[in-house]
Amino acid sequence: MRVGFGVLGPVVAWDTDADGRAIALKGPRHRAVLARLIVARRRVVPVSRLVEDLWTAPPPGAVGAVRTFVAALRRALEPDRPPRAPARLLVTEGPGYALRADADAVDAWRFEQDVAAAATLPPDGALPRLEEALGRWRGPAYAEFADEGWARGERSRLAELRLHAVERQAEARLALGRAAEAVPDLEAHLAEHPWREGAWRALALALYRTGRQGDALAVLRRARTLLVEQLGLDPGPELRRLESDILAQAPHLAPATARGGGAAQVWADAAAAYDRTVASGARTRLESTVGLLRDLSMTGGGGLLTARRQRVAAVAAAEELGDPELTARVIGAYDVPAIWTRLDDPEQAATIVAAAERTLAALAAGPGAPDDGLSGVQPPDHGEPSGQTPDRESSDHEVSGHEAPHHREPDRTAPDHEPTGHRTPDPGTSEPEATGHEAPGHGAPHRKEPDHTGHETTGHKTPGPGASEHAVTAHEGHGHKAPGRGATAHEAPGRVAPGHADTGHGAPRRGASGHGVGGREVTGRWASGREAVGRGSSAPGGDGRGAPGHSTFGRGTAGEAATRHDAIRARLLATVAVESRGGHSGRGRQAARQAEEIARRLDDPALLAFALNGVFMQSFDRAGLAPRRDATGAELIALSARHGLVAFEVLGHLIRLQARSALADFASADRHAAAAERLGERHERPLVKVFTEWYRALRLAATGRADEAEAAYRDAATRLDGAGMPGLERGLLPLALLCLRVERGRPAPTDPELGWGPYAPWARPLVLLARDRRAEAAAALRTVPEPPRDLLLEALWCLTGRAAIALGDRETMARARTALAPAAAELAGAGSGLLTLGPVSRHLADLGG
């Protein structure tokens, strides 16, 4: 396993391959030995020096005790090391020991690297790097060893570097026109370190640039008083010059708009006005904060990491206020589209899910809940993303948007059954690009056919994923609304021409989610779900502003309250679905279905897009479901293009890129990759290129160009460094290289430095086989768990199957064959859009299927 070490606070260690699981380090002297070796920075520390540092008066058996501490640390840090094998991490060398940790394995070392790198970057590049660096601190460095002489110099050095980073961060914010953001951190900084003149200058300048000239002068005078009375020193020339310039309102003190243009000036002015106008404790600040965090998450790298961390803090702050509706809005407003199915931070996700479930329960029990039979929440079977047996009664059922009197469960016996009612596309079929609107004549023939609930849908056939993208909606182009799908008491005038009736939703309901690729942008008449909730209306055809006391549903204020309540619930349910990705619990699928049903009934495009995000995340309950996800992507593209939901349009293209890759339709996948990149460049979504570059490496691998693919994978992996997506980054490059080797019939890579991350259990049997350790490989294969229900489900089953074939394990071969059979028409792993093991059918043949 790969081990990480933390010394920016209490000394800790964690398993980076197990999502940060803490490693038990036993007693304080064990931690002292580890800390002392980290201070030495990979250099050897003699045993005699360790004895001197650990004891003021060493006992007779001190040397033996040190060796015992080291042995215990080795067992904790390298639990899989075979007996008598040399240690790799905590090594014996000459007269002592050294910790050979990687350069990025210790949080203090990474902090130094980030601060040094920030010094070479312009403000817009330095700021996220500094924010990430400062976020690593959990308390004083080497906290429990503050009184130890061997730690004192290192603690002082790191503390000084941290102070420098805080001030450099403030300077970067000032340079970017974000003066209001700099004020709180500088005030806290100076409360602890009042002698730093550079910080006083930055705080005064920040206050001046936010329109608080009097406060700026007061800060400078406070600095003068402290320096004179406590140190007997006058302020330095920079502070004196700044005071004179503020009194004269010198033009050069204004924000440097040349560096950020007019946009930077507008941002600075608006932020300053908000800071002056809205009270610091106002509840609306929480909702505004979440909106900023949504946008911040789309900047990539440090922005995404910061947004996730601050999101949890915002939810906790909202819960403290005891207002369930406010908490619901704070949770549900973070509707960041996600495409990858492995969580970046499982602990954070579990925290958000638990908060959403508590809030749903509070809303159901509160006085504002309407008595329409929809306000309650089903108890979770459990809401956290854990490994439970799925609820087979509900795993594939998809709510249709209206209740059927005699609902029957779709048949699951046929592997290629699609509950959406779509035909499975021909893998060799390509389709034209989505236009974002439906032209007359693009619909399928007008006829009756059973929908996925067993009822007849009057009107026209829903096109399958392989059909033209011009025909991705099920109820458009015929001048009527489908019953139970957002039909209202009246139609808002002036929405669309009769030949283009717009229901606010597109093709069959299937969903999408994973890593942040963008946010919600709504234009024209359609307000976002957050706006609808905040203004008391989410009525179709309106602008989200409904006049007080007027219901666009014709039901008065009670109807508006019910609509608002349902929209809030749907966003919470969609959040549960998205944040429960990859687990085996049926709660995520249940929440996705409920969110989708509400969104369709309310006819709210932004809400439906978010709900479909959750449905996508919960569409991995078995192999072979690429056609279902393709339909979800098609609907998201059409829905988002019509209503200006740019980020969800990007998401739709990435979902279709994945699905068409699984179906070996690379011509279509190429078009979706290009469309996603165009949108990403136009709307500044840097993370889009991470996925499209990996797709192009997959494309090379799938077409037999293995050497080029390996080079492309290594290049693509560099885009993951600092992208803020550890759930995607961990172990991905080694896994892709392993798939390339297996596809070519070559042994697995055996480099011990490879970090397999969460994929280690599936790689280990093949790696041991490559080392000709068959008995260990067989034992490892017997402990391989069932793959998570995510985008790599088929790939991990294929790796398990290849190891089983090599070892003659017929029981495991049969399990793999059964699991893979529904995906017989797909390319193994290509549904991830990242890697492939070739046709599933070939693996099935080798497995005896």
Side-chain angles (χ1 to χ4, degrees), residues 287 290-291 294 325 328-338 356 359-360 363 370 374-375 377 398-399 401-402 484-488 502-507 509-513 518-546 552-553 560-579 591-618 632 635-636 638-649 651-652:
E287 295 184 69
V290 176
R294 290 180 62 260
E325 282 210 9
R329 292 196 299 273
V330 169
I331 294 172
Y334 192 88
D335 55 353
V336 177
T359 307
L360 281 164
L363 290 173
L374 288 168
S375 60
V377 58
E398 296 293 330
V399 175
H402 59 283
R485 298 277 178 86
T488 63
D502 190 341
T503 64
H505 51 274
R509 289 88 55 206
R510 301 287 159 200
S513 174
R520 174 187 2 97
E521 292 83 1
V522 184
T523 59
R525 294 181 174 273
W526 290 92
S528 71
R530 180 175 55 169
E531 292 168 330
V533 169
R535 293 168 179 150
S537 171
S538 59
D543 63 0
R545 293 185 181 85
T552 53
F553 280 71
E560 287 183 340
T563 296
R564 182 173 66 252
H565 187 273
D566 282 350
I568 289 174
R569 286 185 55 246
R571 286 190 166 270
L572 289 171
L573 290 163
T575 299
V576 170
V578 169
E579 299 297 341
R593 291 194 304 272
Q594 290 178 320
E596 183 191 11
E597 187 277 332
I598 295 171
R600 292 192 187 282
R601 178 165 50 78
L602 296 182
D603 206 8
D604 183 329
L607 183 58
L608 178 58
F610 187 28
L612 289 175
N613 202 252
V615 174
F616 167 75
M617 278 298 161
Q618 298 298 328
T632 296
E635 179 171 12
L636 271 169
L639 174 74
S640 302
R642 285 197 306 275
H643 301 295
L645 306 170
V646 172
F648 284 105
E649 187 177 359
L651 177 63

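Values in this document were obtained by computation on a predicted structure and should not be read as measured data.
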Query raised in the report: At what distance, to the nearest 0.5 angstrom, does CG of D604 lie from CZ of F610?
Result: 12.0 Å
Requested in this report: State, with a plain yes or no, whether a side-chain heavy atom of D335 is found less than 4.5 Å away from one of R294.
Outcome: yes
Query raised in the report: For A611 and A574, which heavy atoms make the closest approach, and how far apart are they?
Result: CA-CB, 4.1 Å
**Report entry** Separation between CG of L639 and CG of L645, rounded to the nearest 0.5 Å
**Finding:** 6.0 Å
Report summary line: Residues D566 and I598: closest non-hydrogen pair is O-CG2, 3.4 Å
Report task. Supply the atom-to-atom distance L607 CG to R601 CZ, rounded to the nearest 0.5 angstrom. Result -> 10.0 Å
Query - Residue pair G652 / L636: nearest heavy atoms and the distance that separates them - result: CA-CB, 4.0 Å
Query - Separation of L608 CG from E597 CD (nearest 0.5 Å) - result: 11.5 Å
Report task. Determine whether E287 and V330 make a side-chain contact, defined as any pair of heavy atoms from C-beta on separated by less than 4.5 Å. Result -> yes
Query raised in the report: Is the closest basic N to carboxylate O distance between R329 and E325 below 4.0 Å?
Result: yes
Report summary line: Nearest heavy-atom contact between A647 and P337 is CB-CG, 3.8 Å
Report summary line: Taking every heavy atom of V290 against every heavy atom of A333, the minimum-distance pair comes out as CG1-CB, 3.8 Å
Query raised in the report: Which atom names give the shortest non-hydrogen contact between Q618 and A592, and what distance separates them?
Result: CG-CB, 4.1 Å
Report task. Go through the steps to decide whether V615 and R593 satisfy the test side-chain contact (heavy atoms from CB on, under 4.5 Å), and finish with yes or no. Result -> CA-CA 7 Å; V615 174; R593 291 194 304 272; over 6 Å; no
Requested in this report: Under the side-chain contact (heavy atoms from CB on, under 4.5 Å) rule, collect the residues that match up with A328, sequence neighbours excluded.
Outcome: T359, L363, I568, L572
